[in-house]
Amino acid sequence: MSGQVIGMARLELIKAERIHFTPALARDLSETHSHPFNELIHVVRGSYVVATGARTHHGGPGSVFVYPAGTTHQGFWSCAAGEPVTEFFLIQWRGPLPVPSPPLHAQLPAERARHCAAWILDTLAGADRGGRAIATHLLQALLLDLARQGGERDERDELVQIVDSLVDQTTDRVLHLDDLAQAAGMSRFHFARSFKAITGRSPMRYVRDRRLDAIRRDLIASDDRIATLAVRHGYASPEQLARLVRQRFGVSPRELRRRHRG
């Protein structure tokens, strides 16, 4: 049976919603929590960062997160410049997961994941027995599709973990593509192509977004000056940092701090 995906018994759907959420109107970080049921989040717009123990997972459009019942996690949403609202599908259910189980964070073609999630919502909306049965089968199909990525999970996780580790160890200097490729033991071309296929983002955009997410957390959690944060995170000047924060989040560092502190 090794390497095969095993089907599941019938699931019990609890909730399926399509949610538009404005991060600036809510707390930056959710409380660390877990659920007595399984949960799936599919990102349509915006960025979603999740911490599970020592691991951090960075998701964008096309990302699918699956939290088995009892998984402790904490996450926050952010918007791209010009898009003040995030959008995602939320599906909750009781019942078994496939064997092997889906990875906590998977990347599917954005349209494919969105259509499947929307179909689940549409068929569940009728609330009759037939609609609920179809929605359940669609959810099973989506979970099995995600589970098929299990064989590739180690390679994907390892590559992203290498970049995450290098970013964490070099907060005070600029990283280049050569640095990332060398750490992964790959050529620039092979590394850049593989990394984008895994995350949906170029390596340098991933590094920039990850560092700006860290700066966002520092802005909200501390009273440090912009100049201090620029030095700490390896930017040439406070002006450069302020410009990149505005490009990423659509507001100045001062306004970002003010919104999240009320």
Side-chain angles (χ1 to χ4, degrees), residues 19-33 41 43-52 54-63 65 73-88 105 160-177 179-180 195-196 199-262:
I19 298 172
H20 294 81
F21 173 62
T22 304
L25 300 180
R27 294 185 60 187
D28 178 53
L29 287 170
S30 69
E31 297 290 340
T32 300
H33 65 288
I41 290 177
V43 183
V44 179
R45 282 193 296 168
S47 298
Y48 185 47
V49 180
V50 176
T52 55
R55 292 296 310 278
T56 302
H57 307 264
H58 296 253
S63 287
F65 292 84
H73 57 283
Q74 179 185 42
F76 75 85
W77 292 90
S78 59
C79 301
E83 290 191 352
V85 177
T86 64
E87 182 181 357
F88 60 99
H105 176 208
V160 173
Q161 191 171 4
I162 287 170
V163 174
D164 286 346
S165 177
L166 194 57
V167 170
D168 291 342
Q169 294 170 26
T170 57
T171 56
D172 59 346
R173 71 175 178 89
V174 175
L175 281 175
H176 301 284
L177 182 59
D179 299 321
L180 304 178
F195 193 87
K196 187 168 185 179
T199 66
R201 286 178 282 180
S202 70
M204 300 317 299
R205 180 179 175 184
Y206 179 91
V207 169
R208 183 198 66 186
D209 289 351
R210 197 172 187 280
R211 284 187 162 170
L212 287 171
D213 287 337
I215 289 166
R216 181 176 187 262
R217 293 193 293 272
D218 281 355
L219 277 167
I220 294 166
S222 76
D223 293 316
D224 292 341
R225 299 173 57 196
I226 305 304
T228 301
L229 294 178
V231 172
R232 181 184 304 159
H233 291 278
Y235 288 94
S237 67
E239 292 76 19
Q240 182 192 29
L241 175 58
R243 183 175 68 254
L244 291 171
V245 167
R246 185 179 290 277
Q247 289 174 358
R248 171 86 164 127
F249 302 112
V251 295
S252 68
R254 186 186 300 274
E255 177 64 13
L256 183 63
R257 176 177 275 166
R258 185 192 68 79
R259 288 188 183 187
H260 284 271
R261 291 187 175 186

- prompt: Which pair of non-hydrogen atoms, one from Leu244 and one from Leu212, has the smallest distance, and what is that distance?
  reply: O-CD1, 3.8 Å
message: Please report the interatomic distance CZ(Arg243) to CD(Glu239), rounded to the nearest 0.5 Å.
response: 9.0 Å
Side chains of Pro203 and Val163 in contact at under 4.5 Å (non-hydrogen atoms): no
- prompt: Between Arg45 and Pro61, what is the shortest heavy-atom contact and its length?
  reply: CA-CG, 4.4 Å
Beyond-backbone contact of Arg248 with Asp213, side-chain heavy atoms, under 4.5 angstrom: yes
- prompt: Hey, what's the ring geometry for Phe88 with Trp77, parallel, tilted or perpendicular (30° and 60° as the breaks)?
  reply: parallel
query: Are side-chain heavy atoms of Tyr206 and Val167 found at a separation under 4.5 Å?
result: no
message: Quick test of your reading of the model: are Asp223 and Arg257 salt-bridged, counting only N-O distances below 4.0 Å?
response: no
- request: Mind listing the closest non-hydrogen atom pair of Arg246 and Ser252 along with its distance?
  value: NH2-CB, 3.2 Å
query: Tell me, do Leu229 and Leu219 make a side-chain contact under 4.5 Å, heavy atoms counted?
result: yes
field: Minimal non-hydrogen separation, Thr86 against Gly46, with atom names
entry: CG2-CA, 4.1 Å
field: Thr228 OG1 to His233 NE2 distance, which is reported to the nearest 0.5 Å
entry: 10.5 Å
field: Where Glu87 and His20 come nearest, the two heavy atoms and their spacing
entry: CD-NE2, 3.5 Å
query: Are the side chains of His73 and His33 in touch, meaning some heavy atoms are under 4.5 Å apart?
result: yes
field: Whether His105 and Phe65 hold their rings parallel, tilted or perpendicular, with breakpoints at 30° and 60°
entry: parallel
message: Please give me the minimum heavy-atom distance between Gly234 and Val174, naming the atom from each residue.
response: O-CG2, 4.0 Å
- prompt: Any donor and acceptor pair, going by atom type alone, linking the side chain of Gln240 with main-chain N or O of Ala236 inside 3.5 Å?
  reply: yes
query: Taking C-beta and beyond as the side chain, do Arg211 and Leu175 meet within less than 4.5 Å on heavy atoms?
result: yes
Leu180 side chain reached by Phe195 side chain, heavy atoms, under 4.5 Å: no
field: Contact check, side chains of Asp209 and Arg201, non-hydrogen atoms, under 4.5 Å
entry: yes
- request: Kindly determine whether Ile226 and Leu241 satisfy side chain to side chain contact (heavy atoms under 4.5 Å, CB included), including the steps that lead there.
  value: CA-CA 8 Å; Ile226 305 304; Leu241 175 58; 4.0 Å; yes
